[in-house]
Protein chains: 2
Amino acid sequence: MPGIRETKKKETRQAIMQAAMTLFSEKGFDQTSIEELAKAAGIGKGTIYGYFQTKTDILHAFCEDELERLHQELTSNADQEIPILQQMVSIYMAEFKKITENREFARLFMQQTAFPRDVDLDRHLEHENDYFKLLFPLLEKAQERGELRKDVELLYITGHFYGLYLLLVSAWFSGRVQTEEASMALQTLFRQAIEGLHPRPEPLSNEGNKHV
Amino acid sequence: MPGIRETKKKETRQAIMQAAMTLFSEKGFDQTSIEELAKAAGIGKGTIYGYFQTKTDILHAFCEDELERLHQELTSNADQEIPILQQMVSIYMAEFKKITENREFARLFMQQTAFPRDVDLDRHLEHENDYFKLLFPLLEKAQERGELRKDVELLYITGHFYGLYLLLVSAWFSGRVQTEEASMALQTLFRQAIEGLHPRPEPLSNEGNKHV
DNA sequence: GAGTATTTTCGACTCCAGTCAACTTTTTTT
DNA sequence: AAAAAAAGTTGACTGGAGTCGAAAATACTC
C-alpha cells in the first residue's frame with residue numbers, strides 16, 4: 001500500500017514537471033517565473049523547492065526522464081550484430097535529435113550534464129552508470145567480433161565516442177554544424193576515431209576514406 | 001593620441017576585472033554581489049553593465065584573457081618538430097591546468113565556452129578562430145611528416161583532440177579523473193585517437209599499447 | 001480516536017542581478 | 001570658447017529566485 005503521502009508526492013512532482021514544460025516551451029525558460037509555474041501546477045511557490053533545488057533542476061529532471069525513456073527504447077530495439085560504428089551513430093544521433101529539439105533546453109541541460117555542480121554529482125554518476133549498462137555490452141560484443149581493440153578499457157572506448165558527441169553538440173551550438181549535417185558529421189568522426197588519425201599504407205576496408 | 005575617454009575605458013575595464021577576480025577568489029562567485037564589486041572597483045553599479053553584459057561575463061572575459069596569454073606563450077615556446085601527440089598533450093594539458101586552478105571558475109567558463117548563448121556567438125567564433133591559427137600549422141606540419149592522415153580536414157583533426165579535451169574536463173568535474181591522473185589520461189586518449197580503436201595485426205610502433 | 005510526532009505546504013520576505021532615466025563628462029561643431 | 005551632440009556614469013527601482021517559520025496534513029502510538 002503506497003500511502004497517501006507517497007502517492008501525492010509523485011503526483012505533485014509530475015504536475016510541476018508537466019506545468020514547467022508547457023510554460024517553458026510556450027514562453028521560454030527565463031520568461032517563466034516560479035510563481036507562475038506554481039500557480040499553473042496548482043500549488044504554492046515554496047512547495048516547488050521541496051521537489052527541486054533550483055529552477056534549472058526542473059528542466060534538467062525533465063530532460064533526464066526523456067532520455068531515460070529514449071535509452072529504454074534504444075536498448076530494446078538494438079541490433080547487436082550490425083557494425084559498432086553504425087550502432088554508436090544510431091544511439092548518439094537519437095540522443096542528439098532529442099536534445100536539439102529545443103535549443104534553450106539543450107543548452108541548460110548540456111551545461112549541467114557536462115560540467116555538473118558538486119551538489120548534483122551523486123545523481124549524475126548514477127545516471128552515467130545506467131548509460132554504461134546500455135553501452136558496455138554492445139562494445140564488448142564488438143570487441144569479441146574483432147571490431148574494437150581489446151586492450152582499451154570499455155570506459156575509455158565510451159569516452160572516445162562520448163567526447164566526439166560533446167564536440168558535435170558544441171559545434172551545433174556554435175553554428176559550425178547544421179542540424180541536417182549532424183548525422184554525416186558524427187558518422188565521419190566516429191569512423192575516423194575507429195580507423196585512427198595515423199595514416200596507414202593500406203586501408204582497412206573499402207568502406208573507409210570516402211569522406212573527409 | 002588615445003583620448004581621455006579611450007584611456008579611461010581600458011582602465012575601468014581592468015579595474016572591474018581586477019576587483020572581480022579578487023572578490024570571486026576570496027568569497028566565491030555567488031557570494032560576491034555586483035554592488036560590492038562596483039564599490040571595490042571604485043565605480044557605480046550601473047557602470048559595470050557598460051562593460052559587461054552579465055556577472056558571468058566578467059569571469060568569462062577574465063578566463064579568456066588568461067588563456068589568450070597562455071596561447072601566446074605556447075606559440076612562442078612550441079617545438080614544432082616533436083611528435084604531434086606530445087605537442088597536443090602539452091597544449092591541452094597547459095589549458096587543463098590553468099582552467100582547473102579554480103573549480104568554480106572552471107565550471108562557469110566551460111559551460112559558456114562549450115555551449116555558448118546565442119548573444120555570445122560572434123565573440124566565441126572569433127576566439128575559436130584564433131585558436132585554430134595556433135593549432136593548424138602544427139597539425140599541417142605533422143601531416144607533412146606523415147604522422148597524421150592528409151585525407152582528414154584540419155578542422156576535424158582539431159575536433160578529435162578538442163572533443164577528448166572536453167571529455168577530460170567533464171570527467172574531472174564528475175570525479176572520474178583526478179587532477180594528478182589527468183596528464184596520463186589525456187596522453188592515453190590522444191594516443192588511442194591517433195592509433196585508432198580498431199585492432200590491427202601489427203602495432204604501428206613500440207611506443208603503443210603500453211597503457212590502456 | 002485522542003494525542004503526539006513527523007512531514008509537507010505555503011506565501012510573505014530577503015536579497016540581488018539587471019534596467020533606466022536623469023545627470024556628468026568628453027568631444028565635435030560653429 | 002560657447003553651444004550642441006555624443007558618450008559615459010549613476011543609484012533608486014523592478015522583478016524574480018530562493019528562504020523560512022508558521023500552519024496544515026498525514027502518520028504513528030496507546
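Letters A, B, ... mirror the listed sequences (proteins, then strands); counts begin at 1.
- Looking at heavy-atom distances under 4.0 Å, Thr56(B) makes no contact with the nucleic acid at all.
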Quick tally for nucleotides 8-13 of chain D: nucleotides whose base has a protein heavy atom under 4.0 Å get B, sugar-phosphate-only ones S, the rest -, giving SSBB--
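- Here the closest heavy-atom approach between residue Leu74(A) and residue Ala94(A) is recorded as CD2-CB, 4.1 Å.
- The distance from atom NZ of Lys55(A) to atom P of dG18(D) is 8 Å, rounded to the nearest whole Å.
- Listed here is the closest heavy atom pair of Gly28(A) and Thr32(A): O-OG1, 2.8 Å.
- Proximity note for Thr54(A) (side chain, C-beta onward) versus dA17(D), dG18(D), dG18(C): the nearest is dG18(D).
- When the C1' atom of dT26(D) is taken as reference, atom NZ of Lys10(A) falls 17 Å away, rounded to whole Å.
- Between the side chain of Arg149(A) and the backbone N or O of Gly196(B) there is at least one donor-acceptor pair closer than 3.5 Å.
- Near-neighbour residues of DNA chain D inside residues 111-119 of chain B, defined by a heavy atom below 4.0 Å, are absent.
- Side-chain atoms of Gln80(B) never come within 3.5 Å of backbone atoms of Leu138(B) as a donor-acceptor pair (strictly under, hydrogens ignored).
- In this structure, Lys39(A) atom NZ and dT9(C) atom P are separated by 19 Å, rounded to whole Å.
- Nucleotide dT9(C) holds its P atom 12 Å from the CZ atom of Phe52(A), rounded to whole Å.
- For the side-chain contact (heavy atoms from CB on, under 4.5 Å) criterion with Leu134(A), the lone passing option out of Tyr131(A), Phe132(A), Phe136(A) is Tyr131(A).
- A donor-acceptor pair under 3.5 Å is formed between the side chain of Arg103(A) and the backbone N or O of Phe173(A).
- A donor and an acceptor atom, one from each side chain of His198(A) and Glu195(B), are nowhere located under 3.5 Å apart.
- Atoms CD (Gln31(A)) and C1' (dG15(D)) sit 12 Å apart, rounded to a whole Å.
- Tested against Phe24(A), the residues Phe29(A), Phe62(A), Phe109(A) include a single ring-ring contact (aromatic ring centres under 6.0 Å, His included) partner, Phe29(A).
- Between the C1' atom of dA17(D) and the CD1 atom of Ile16(A) lies a distance of 15 Å, rounded to the nearest Å.
- Residue Asp57(A) contributes atom CG, which lies 12 Å from atom C1' of dG18(D) at whole-angstrom precision.
- Atom-to-atom, CD of Glu11(A) to P of dT8(C) comes out at 15 Å; the value is rounded to the nearest Å.
- A 4.5 Å side-chain heavy-atom check between Thr179(B) and Lys97(B) finds every atom pair outside the cut-off.
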